[in-house]
Amino acid sequence: MIEIAAKLVREQIPVFLCGEVVECFISFTNPTLPEHKIAQSNNDILENLAWATAQVHCICNSVFQERQLQAPDSSMANDTSLTAAMRDQGDIVMATSPKILFCDLRLAPGETKSYLYRESLPMSCPPTYKGTAIKYYYKITIATQRLGSKVQALRIPIRVLPMPTVIRPDDVPALCNETNEELAPTNPFLETRKTESKLEIALHHLQNITARRRPNFYLISNKRGTVGRFCLFKPAYKLGEDIVGTLDFTCRTVRCVQVSVTLQCEEVLLKKTPPAQQGAQADPEASAPSGKIMTFTKHHEVCLGLKQTQMILPIPLHVTPTFSTELVDIRWQLHFEFVTSASEELKPTEGENWQAPTDIMIETMIWNLPVTLYPTTPQQILQHSGKHTLLIK
């Protein structure tokens, strides 16, 4: 029996950005035999594994998968035993090249062999996302096989955050003023300047985008008049930040009774005909994208009699930032619901104690304001990965 144990180097933070390096410790151990075992041959002492590989997979579960499964798949006949062991529920949209850890490994009782697996995530891969119609999830797959046995796999889940297209590391160096330091005279008493990687430069640029404050003012009105003015201090936010805005009712001509603001995620499916069915009958709804709304944090306040108020919406760390692929487009918005009333009973009279009426005529106005969510540094997200084990008997 051989025990396989895998643990991420960043055990407390199993979160990575696109383009970042994933590191994982993989140990193969032959546990000691029981002392009461009387006789054992040489074949019983040494445990043998033929080979072991490791790679990163991105699996996609979507509504399009059911259509693709209805069509015959001609590639099934060319699958190997390794491909069959890697197959999971869903389509593999990204897979790194498998790296061979060893070939013909023999372990004596109590002996352990450890390996370090390192792999860079592609910049173009989709992020981890758990939606209603589409799901993307990542895993490190460690596959091994004993002679004469089937392939067995150990899977380690990880979370991947997207790197926006506007700040891809390949495009960032063009924004920086680089100088050729090789032409400068060398000084042995000065420390060598450490050059930043492309990923570090991209993170600095991401920090500048989300820290830039650009107040935007919106005049809110309906068919009866002006309700108020809303101010949003910046349109771009990182995961874990608070969306702060103010509402000013001093310019109103219509009284606002209460207001609620909700942070919503819109999942827009970009419908298309699956590749296996392009020659078949076309779907009449293939060109019409459909969207589903998911609600997160909410701020509610009764603003009757208030001249100014503010709203604070925290952005959860477990959500997925704004991104887009061939199948889905993830957008974020602030959903406002203003409850207004033109009733004269809401106007207090001078010199008398005002009492709120029991019933009033109200109208509800809905307004959606798009916002952009960016990823944060993985060190800000604390998750426990733990140790993953697999026993091969």
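Being a predicted model, the structure only gives us computed values, none of them experimental.
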Going hydrophobic residue to hydrophobic residue with side-chain gaps under 4.5 angstrom, can you get from [X] over to [Y]?
X	Y	answer
V244	F230	no
L334	Y218	yes
I315	L317	yes
L263	I293	no

- Taking the six-membered ring for Trp, are Y129 and F323 ring centroids under 6.0 Å apart?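 Yes, the ring centres sit under 6.0 Å apart.
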- Flag the pair F25 / Y115 as yes when their ring centroid distance falls below 6.0 Å, and as no otherwise.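 No, too far apart.
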Compare every heavy atom of [Y] with every heavy atom of [X], then report the nearest pair and how far apart it is.
X	Y	result
M294	T132	SD-CG2, 4.1 Å
C265	I330	SG-CG2, 3.5 Å
E119	S97	OE1-O, 3.9 Å
S120	V21	OG-CG2, 3.5 Å
R146	I392	NH2-O, 3.4 Å
M123	G19	SD-CA, 3.3 Å

Any side-chain heavy atom of [X] sitting closer than 4.5 Å to one from [Y]?
X	Y	value
P235	T372	no
V257	T340	no
L247	C303	no
L313	M311	yes
T226	V254	no
V339	V259	no

- Message: Applying side-chain contact (heavy atoms from CB on, under 4.5 Å) to L206 and H204, what does each step give before you reach the verdict?
- Response: CA-CA 5 Å; L206 173 63; H204 292 329; over 6 Å; no
- Message: Please evaluate residues F338 and I366 with respect to the criterion side-chain contact (heavy atoms from CB on, under 4.5 Å), reporting the C-alpha separation (whole Å), side-chain torsions for both, the decisive distance (0.1 Å), and the verdict.
- Response: CA-CA 6 Å; F338 296 93; I366 297 177; over 6 Å; no
Any chance the side chains of [X] and [Y] put a donor and an acceptor closer than 3.5 Å?
X	Y	result
E337	H335	yes
E266	W332	no
T112	S27	no
K238	Q380	no

Could you state the interatomic distance from [atom1] ([X]) to [atom2] ([Y]), rounded to the nearest 0.5 Å?
X	Y	atom1	atom2	answer
F16	R159	CZ	CZ	12.5 Å
R229	F217	CZ	CZ	5.0 Å
M1	T29	CE	OG1	10.5 Å
C125	M94	SG	CE	5.0 Å

Please determine if [X] and [Y] form a salt bridge, counting it only when a charged side-chain N lies under 4.0 Å from a carboxylate O.
X	Y	answer
E23	K7	no
R106	E111	no
R331	E267	no

- Message: Treating R10 as the side-chain partner and V15 as the backbone partner, does any N or O pair qualify as donor plus acceptor under 3.5 Å?
- Response: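 Yes, the answer is positive, given that a donor and an acceptor are paired below the 3.5 Å cut-off.
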- Message: Treating N222 as the side-chain partner and G225 as the backbone partner, does any N or O pair qualify as donor plus acceptor under 3.5 Å?
- Response: yes
- Query: Is the count of non-hydrogen atoms from other residues, nucleotides or ligands lying under 6.0 Å from K298 atom NZ greater than 12?
  - Reply: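 At most 12 heavy atoms, drawn from other residues, nucleotides or ligands, come within 6.0 Å of this atom.
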- Message: Looking at I100, I'd like to know if its CD1 atom is crowded, meaning that more than 12 non-hydrogen atoms belonging to other residues, nucleotides or ligands lie closer than 6.0 Å.
- Response: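 Counting other residues, nucleotides and ligands, CD1 of I100 stays at 12 neighbours or fewer.
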- Go through the steps to decide whether L390 and E3 satisfy the test side-chain contact (heavy atoms from CB on, under 4.5 Å), and finish with yes or no. CA-CA 6 Å; L390 173 66; E3 179 183 0; over 6 Å; no
- For L304 and Q258, run side-chain contact (heavy atoms from CB on, under 4.5 Å): C-alpha distance rounded to whole Å, both residues' side-chain angles, the deciding distance at 0.1 Å, then the answer. CA-CA 6 Å; L304 180 62; Q258 65 180 10; over 6 Å; no
- Item | Candidate pair Y136 and T320, rule side chain to side chain donor-acceptor pair (under 3.5 Å), full reasoning | CA-CA 11 Å; Y136 291 103; T320 303; over 6 Å; no
- Message: One pair to check against side chain to side chain donor-acceptor pair (under 3.5 Å): Y117 and Q55. What are the steps and the verdict?
- Response: CA-CA 9 Å; Y117 171 70; Q55 62 184 135; over 6 Å; no
